[in-house]
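Data first, discussion second: the structure below is written as structure tokens.
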Amino acid sequence: MRLNVDAASVVRCRELAAAIVAPVQAFIAQHSTVSVERTVLRLLGVDGITPQEIPLPNAVVDALSPQDRARGVAPAFGRALAETGLEPQALVESLAAEGYDLSRFANAPEAAARGALEPYVRRGLDSIVAQREERDARLARLPQLPPPLLYVIVASGNIYEDRTAAVAAAQAGAQVIAVIRSTGQSLLDFVPYGPTTEGFGGTYATQANFAIVRAALDDASERLGRYVMLTNYASGLCMPEIAAMAALERLDMLLNDSMYGILFRDINMKRTFVDQHFSRMLNAYSGIIINTGEDNYLTTADAVDQAPAVLASQFINEEFAHRAGLPDDQIGLGDAYEIDPDQQDSLLFQIAQAQLAREIFPQAALKYMPPTKHMTGDIFKGHLVDALFNLTSVVTGQTIHLCGMPTEAIHTPFLGDRALSLENARYVMNAARHLGDEIAPRPGGTIERRAQTVLASCESLLERVASLGLMHAIEEAVFADVSRAPESGRGLDGVFARAPGYWNPFADALTPAQAESRR
Amino acid sequence: MRLNVDAASVVRCRELAAAIVAPVQAFIAQHSTVSVERTVLRLLGVDGITPQEIPLPNAVVDALSPQDRARGVAPAFGRALAETGLEPQALVESLAAEGYDLSRFANAPEAAARGALEPYVRRGLDSIVAQREERDARLARLPQLPPPLLYVIVASGNIYEDRTAAVAAAQAGAQVIAVIRSTGQSLLDFVPYGPTTEGFGGTYATQANFAIVRAALDDASERLGRYVMLTNYASGLCMPEIAAMAALERLDMLLNDSMYGILFRDINMKRTFVDQHFSRMLNAYSGIIINTGEDNYLTTADAVDQAPAVLASQFINEEFAHRAGLPDDQIGLGDAYEIDPDQQDSLLFQIAQAQLAREIFPQAALKYMPPTKHMTGDIFKGHLVDALFNLTSVVTGQTIHLCGMPTEAIHTPFLGDRALSLENARYVMNAARHLGDEIAPRPGGTIERRAQTVLASCESLLERVASLGLMHAIEEAVFADVSRAPESGRGLDGVFARAPGYWNPFADALTPAQAESRR
Amino acid sequence: MTRLVRPYGDTQNDGKVQLSFTLPLQWSEAADEAARQLVAKMGFADVQVADGRPIADGFSFFVVYAATPQSVDADAIEAPSASSHAMSLEEIDAFVHERIGRKIRVAGACIGTDAHTVGIDAILNMKGYKGDYGLERYREFETFNLGSQVAVEELAAYAKERRIDALLASQAVTQKGSDIKNFTALGELLEAEGVRDNIVLICGGPRVTNLLASELGYDAGFGRGTLPSQVAAYIAITLASRFRSGGAHW
Amino acid sequence: MTRLVRPYGDTQNDGKVQLSFTLPLQWSEAADEAARQLVAKMGFADVQVADGRPIADGFSFFVVYAATPQSVDADAIEAPSASSHAMSLEEIDAFVHERIGRKIRVAGACIGTDAHTVGIDAILNMKGYKGDYGLERYREFETFNLGSQVAVEELAAYAKERRIDALLASQAVTQKGSDIKNFTALGELLEAEGVRDNIVLICGGPRVTNLLASELGYDAGFGRGTLPSQVAAYIAITLASRFRSGGAHW
Ligand code: B12
Ligand code: B12
Ligand SMILES: Cc1ncc(COP(=O)(O)O)c(C=O)c1O
Ligand SMILES: Cc1ncc(COP(=O)(O)O)c(C=O)c1O
């Protein structure tokens with residue numbers, strides 16, 4: 001299958017995306033956030049919580065004086081290490097009495113501080129590399145089935161039920177398991193700690209929970225002879241921290257969108273831009289595939305109208321991702337099958353949109369989301385809509401395929417629902433495995449014309465954003481009809497300008513060039 | 001969608017079919033059967049049963065002396081009319097005492113006999129024409145939805161439950177309703193009489209049952225603003241009689257295959273060939289669309305292997321149909337979606353086969369049957385297989401579409417099963433309505449190559465049949481691996497050679513040329 | 001008069017029902033038998049395990065057909081719909097203008113921690129739903145859409161202070177009965193504030209029925225596929241009758 | 001020891017079950033409520049009518065999720081499979097040659113008015129089923145396939161006269177219990193003829209279970225997806241043990 005899309009227009013869209021991102025990137029380079037700094041501590045080996053259940057990284061960063069914070073937590077922490085000779089975790093624990101205040105370690109010269117930090121920085125980076133290599137080794141030994149990679153969610157709220165569900169799903173054919181986050185976790189300015197058994201619409205993303213499911217899936221992978229991937233959500237107020245935890249626990253994918261938090265969770269845009277960059281540098285380095293959230297445009301507004309916005313967002317997400325050093329095959333750009341199923345020729349429109357993304361982003365790990373908004377309590381009809389979604393995915397060669405649930409409109413998936421959903425995907429994709437190689441859309445036909453219209457409207461949308469500037473464009477509600485102001489939204493107080501002498505050893509190590517050389 | 005099939009091979013197949021049918025047609029011209037003669041009586045207006053529940057047409061024909069029978073029932077019956085001056089039904093009732101023996105009416109000269117018969121022959125033909133015109137008028141006033149025409153079966157065994165089910169199905173979107181016959185009715189050498197409420201796996205085909213459902217559907221059609229068609233089964237020992245009853249009660253389609261009875265019901269081949277010809281002349285004249293039974297090859301043997309046999313049978317059915325004066329748009333050649341759904345690329349194979357038939361028989365009212373053999377108790381999976389069947393049907397432009405039931409492997413359809421099945425067809429066909437116009441199969445690809453292979457194998461199969469002769473080929477088990485000898489099977493005793501002076505006024509009127517002129 | 005109805009398979013009163021479920025058992029013929037016995041224990045007759053198969057280690061899935069001896073008296077069922085009186089936008093505006101003589105103040109929100117605004121937006125926003133305009137489009141309605149994750153306290157206070165005539169609460173998330181809890185809390189708060197009677201209190205969401213609403217002490221409830229005009233008509237007519245009958249209102 | 005199991009939705013013992021059925025009622029909110037009450041009457045808790053819609057005048061279709069309080073004791077279930085001992089064609093032939101020392105005579109048919117031969121053919125014909133060869137392919141089996149619509153009298157007589165070791169009866173049509181009637185009749189006839197004990201009597205068909213078979217007095221029953229080799233192995237082993245234990249046989 002091959003559409004004839006206007007290559008010049010595609011080039012133009014990429015140029016526009018670059019122009020749109022450049023100024024934001026400049027802003028990012030001059031700023032940091034509390035969550036970035038907490039991530040530095042986590043990578044240095046700081047973990048655990050205070051008696052008041054405050055995560056230690058939060059405790060330390062919150063205790064920093066504005067001046068210290070402006071230079072990043074690293075210098076101050078380095079001095080403390082140098083003066084105490086303790087290792088990071090021990091050091092932080094020893095500070096409990098003083099409220100985790102690092103200010104009294106003021107003497108050690110910068111060189112000593114850097115020197116004291118160095119081994120732990122290397123340890124942090126090495127453990128990420130170790131997990132990346134572990135993944136590569138397992139994938140080589142336990143190859144996955146060909147894409148579309150079948151992806152299902154577990155969301156019981158209890159990590160142990162999730163573990164059961166995850167293993168069962170893997171045995172039923174799932175190749176990627178997502179543990180859906182307890183709702184609104186994206187709004188918490190800290191990452192909960194330890195295994196959790198109470199969640200709402202999902203299960204908390206904690207490092208312990210990551211480890212529990214990872215271990216169960218590694219075990220299942222061995223039995224199945226194919227590597228089963230694990231994924232979770234980064235987007236939110238703790239993007240970089242979750243990226244770090246995911247790297248350490250060998251998650252394979254992360255929901256990580258450069259604008260989702262802004263538009264759909266009213267998180268401050270500056271906070272989000274700075275956080276997404278550092279989190280994506282970590283994703284890049286740890287070999288984690290990011291998944292972007294364009295599907296959210298389609299669930300909240302008409303899917304036919306929103307197609308150009310989805311494409312525009314994909315171009316912007318791609319540009320931000322490249323700036324963070326992510327190679328194309330780690331960029332899972334999002335899209336979804338959300339056109340009203342009762343619209344005549346809806347299948348043609350869906351194929352046009354999916355194929356357009358495939359051709360514009362040939363190397364990307366496209367993430368294709370299932371029909372949700374138009375699903376109803378009629379599970380029989382819903383199963384059919386999912387079938388045409390599965391067909392579209394295999395015909396257009398999508399990479400990551402979120403399996404739709406017949407019970408989408410009713411409840412978070414039952415164990416049996418996932419089995420039916422996977423049966424659906426396996427049957428349809430096998431029966432139509434090579435249909436995509438077999439058929440060519442008629443030149444000038446409905447499919448081709450639709451693809452051309454979407455691309456053209458996307459280009460003018462990007463023109464508009466470029467002329468307004470991204471931050472202002474968001475304020476003008478260019479995306480998802482939502483308006484967010486640069487100074488509004490959650491987490492702004494956690495954003496700060498980098499003072500002279502600001503130092504983030506991991507950011508330095510992971511700047512695309514650097515990271516490349518370390519690979 | 002357009003396949004590049006070898007046109008020369010198609011021409012060759014038609015020549016072979018003609019060569020295969022010619023000698024059989026010669027045989028047909030020299031013979032008649034008890035069921036043909038009973039049909040003559042029915043068309044003259046003879047109906048009802050004896051106290052022993054023997055249908056009057058059977059009573060009269062069975063009472064004929066061999067000599068009389070050999071000249072057909074018409075001359076003898078004509079003399080009786082001439083001598084008694086009674087009208088047909090009254091005449092037959094008056095003969096009860098003499099065991100319905102016509103032999104004593106020996107005096108009236110042939111001219112008188114013909115003259116006495118003439119008005120009733122005209123009456124019979126006129127009532128058929130009236131129904132055909134009635135159908136045309138209703139179709140003009142209540143146009144159907146575009147094909148594929150959604151066709152469902154009712155099969156409760158009780159004609160009144162069937163009526164409820166038929167009306168409900170029409171409201172749920174059905175465009176054609178088939179009342180499935182009580183099993184094995186095809187083996188009865190008479191047609192049951194009156195409304196019936198006890199059937200096995202289906203409901204008896206009787207003229208009264210036809211009328212009951214026809215009336216209910218005419219009423220439903222008015223409310224729905226679209227004409228809902230009714231169909232039943234002819235093939236069997238009473239093909240021409242059922243064709244006559246269907247004509248009089250305005251059925252719109254009939255299962256009528258030139259070889260089904262022979263192969264799948266062990267009905268004698270001579271009986272079947274003679275019967276199918278007269279029944280098809282009647283179908284042609286009454287504007288009834290015939291449905292052939294090639295699907296049966298696929299349910300009893302491997303669907304991939306049998307594809308050439310299906311195509312060969314379609315060519316032969318087409319030729320027999322043309323010989324009986326059926327125009328292409330009244331020829332519903334059968335095919336079915338019976339390839340193992342778990343075979344990789346099964347959808348491609350199904351599309352190839354369906355599209356091949358569509359291109360070889362462009363004007364035919366192709367009848368596409370649903371997956372049945374591979375359906376299991378897993379109704380969710382079954383619903384998906386039906387969805388890809390629905391997709392294949394709309395993409396390849398089939399004409400008559402039998403909706404598959406998710407419960408195919410479990411029970412004869414429930415009222416709710418039909419609703420789900422129709423919802424499936426309506427959704428998929430609407431979502432993919434113009435996909436067929438949009439896509440072209442890759443030259444030299446799997447689909448095209450499969451189509452070419454099937455056509456080539458069909459041609460050699462027909463070569464073989466032509467060289468053996470059809471009757472002998474059937475004996476050699478060329479079709480469906482079943483062997484039937486010319487002198488074996490049910491109903492042979494009802495076949496007889498036409499003696500000089502044989503006369504069948506309806507056959508005369510309906511010979512293609514004649515019928516044409518009367519149209 | 002009573003009219004007993006039973007599920008209908010292909011014959012009146014055959015009671016045929018389809019079931020499916022997962023059992024935490026490794027599949028085997030014995031697991032099929034366990035499924036059969038389980039469904040028999042539920043009180044079904046004529047149990048047919050149409051399909052039983054393993055879906056994971058220690059889990060099997062079943063499709064069953066069986067006949068229930070149970071029936072319900074269709075005539076005894078009380079479930080008045082709130083969407084009964086169909087009127088067009090123009091008719092409703094005219095009706096309000098004539099019978100109420102002032103604009104109706106409507107406030108709506110998706111309450112609790114629920115962030116599913118698409119539903120309530122479909123009722124309130126200009127754009128509306130399935131070609132049926134939302135309340136903002138009506139001349140005679142003044143609408144306030146408070147958006148998502150609105151605490152019930154906030155909404156109750158808002159209603160009292162703005163003297164809202166019709167209050168619309170939405171819930172899409174129903175897990176652990178969170179919808180019931182939130183709806184109930186809102187009703188009680190309005191009672192406590194002593195403004196309940198002045199307000200036409202309406203709830204809605206995919207799982208809401210008018211019957212549930214009345215059980216919760218609401219005036220009306222609207223579920224799946226509701227059209228804005230149905231809600232507008234209900235509000236207008238209910239408020240008008242309160243005005244006429246001198247019932248409580250602002 | 002007992003092991004109570006309940007349907008599993010997303011949590012141990014939540015008892016979640018999916019149901020669907022048609023009610024002979026015009027659709028309305030009241031019809032949804034009727035469906036809810038009906039399912040509650042069946043003894044389910046937490047009844048959610050996920051979907052209710054009209055499918056025709058006077059008929060509505062419902063999809064319901066609910067929780068059952070029922071459970072079954074998995075350890076108390078007795079349903080031994082007849083397909084337990086897996087052997088290959090070669091192994092079976094060798095086994096028969098050694099333990100029985102002569103060919104086993106097998107006859108099969110689709111009995112009564114049932115014309116569904118595909119199933120029994122799958123077991124008997126050379127070709128077999130799903131790549132597993134049929135009994136005709138075995139060196140040590142002499143097979144007679146009597147085809148379809150074979151009267152039970154005919155089959156019983158045939159078995160006696162030909163001294164058949166293993167008799168295979170198939171039924172696909174189950175309407176109005178016709179399968180049970182025919183199977184039972186065959187068993188009784190063989191008893192009457194005094195040859196029952198000499199024969200390994202086996203029934204099969206999509207709806208057959210080994211449990212049902214034993215209830216009908218058959219030695220074994222095979223259902224959906226049976227492979228010829230499973231049947232062959234069962235016949236060989238059963239007959240061999242009869243030979244060893246000096247049990248009845250021809
Ligand atoms: C779109 C969507 C989202 C979007 C919401 C965007 C937005 N701004 O609304 C996003 C992606 C953000 C989202 C997030 C989540 N979702 Co959500 N979501 C859906 C989805 C797919 C569609 C809902 C929808 O928009 N329907 C279309 C509207 C028009 O229909 P409606 O809501 O029924 O409204 C109509 C009627 O009900 C009525 N109505 C509704 N409200 C009112 C109010 C009044 C007063 C009146 C008169 C009428 C009325 O009128 C409307 C028009 O007819 C549903 C699944 C589904 N298909 O239903 C899941 C679903 C509701 N979500 C679910 C879940 C679990 C979540 C999350 C918790 C997942 C997570 N862990 O992150 C979060 C929760 C966020 C939160 N805090 O609430 C579950 C809820 C399970 C349950 N029964 O409790 C569902 C059912 C999916 C599933 N099977 O898991 N979701
Ligand atoms: C093919 C078919 C036909 C063909 C049969 C051709 C033939 N020569 O067999 C034709 C078209 C002729 C036909 C006709 C009819 N059929 Co039919 N048919 C089917 C269909 C689609 C497939 C059956 C099949 O071949 N399955 C494949 C085989 C391999 O599976 P199997 O039979 O289960 O066999 C396996 C096991 O059960 C086991 N096994 C089976 N028998 C035995 C015996 C022994 C001893 C052992 C050890 C094992 C064993 O081993 C096999 C391999 O694993 C089914 C629907 C379905 N999907 O099941 C309907 C179905 C069986 N038919 C049905 C009906 C009603 C009819 C008709 C009455 C319709 C009519 N009114 O004309 C007629 C009846 C004719 C008659 N007198 O019996 C109904 C039966 C309803 C019911 N539960 O009672 C079904 C379920 C369809 C439906 N939903 O309506 N049918
Ligand atoms: C990119 C992205 N991140 C995060 C989430 C969910 O995060 P939360 O519900 O915790 O805000 C989503 C859900 O759609 C998403 O698309
Ligand atoms: C052409 C044709 N005629 C008749 C029938 C059924 O007739 P009966 O079951 O009464 O033999 C079928 C069933 O498949 C058929 O295909």
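Residue numbers begin at 1 in each chain, while the letters A, B, ... track the order of the sequences. Computation of the quantities below employed the complete heavy-atom set of this structure, encompassing side-chain atoms and omitting hydrogens, waters and symmetry-equivalent molecules.
- The side-chain heavy atoms of A:F380 and D:V63, taken from C-beta on, include a pair separated by under 4.5 Å.
- Counting only heavy atoms from C-beta outward, the side chains of A:D378 and D:R53 approach each other to under 4.5 Å.
- Looking at heavy atoms from C-beta onward, A:T412 lies in side-chain contact with D:D10 at the 4.5 angstrom threshold.
- Ranked by non-hydrogen atom pairs under 4.5 Å with chain D, the options A:T376, A:T164, A:I379 are led by A:I379.
- Side-chain contact between D:Q12 and A:E161: present, with at least one pair of heavy atoms (C-beta onward) separated by less than 4.5 Å.
- A:F414 CZ to D:T11 OG1: the interatomic distance, rounded to the nearest 0.5 Å, is 8.0 Å.
- Within a 6.0 Å radius of NZ in A:K373, other residues, nucleotides and ligands contribute more than 12 heavy atoms.
- Dense packing is recorded around CZ of D:F95, with more than 12 heavy atoms of other residues, nucleotides or ligands lying under 6.0 Å away.
- Counting heavy-atom pairs under 4.5 Å between each of D:Y65, D:F61, D:Y8 and chain A puts D:Y65 at the top.
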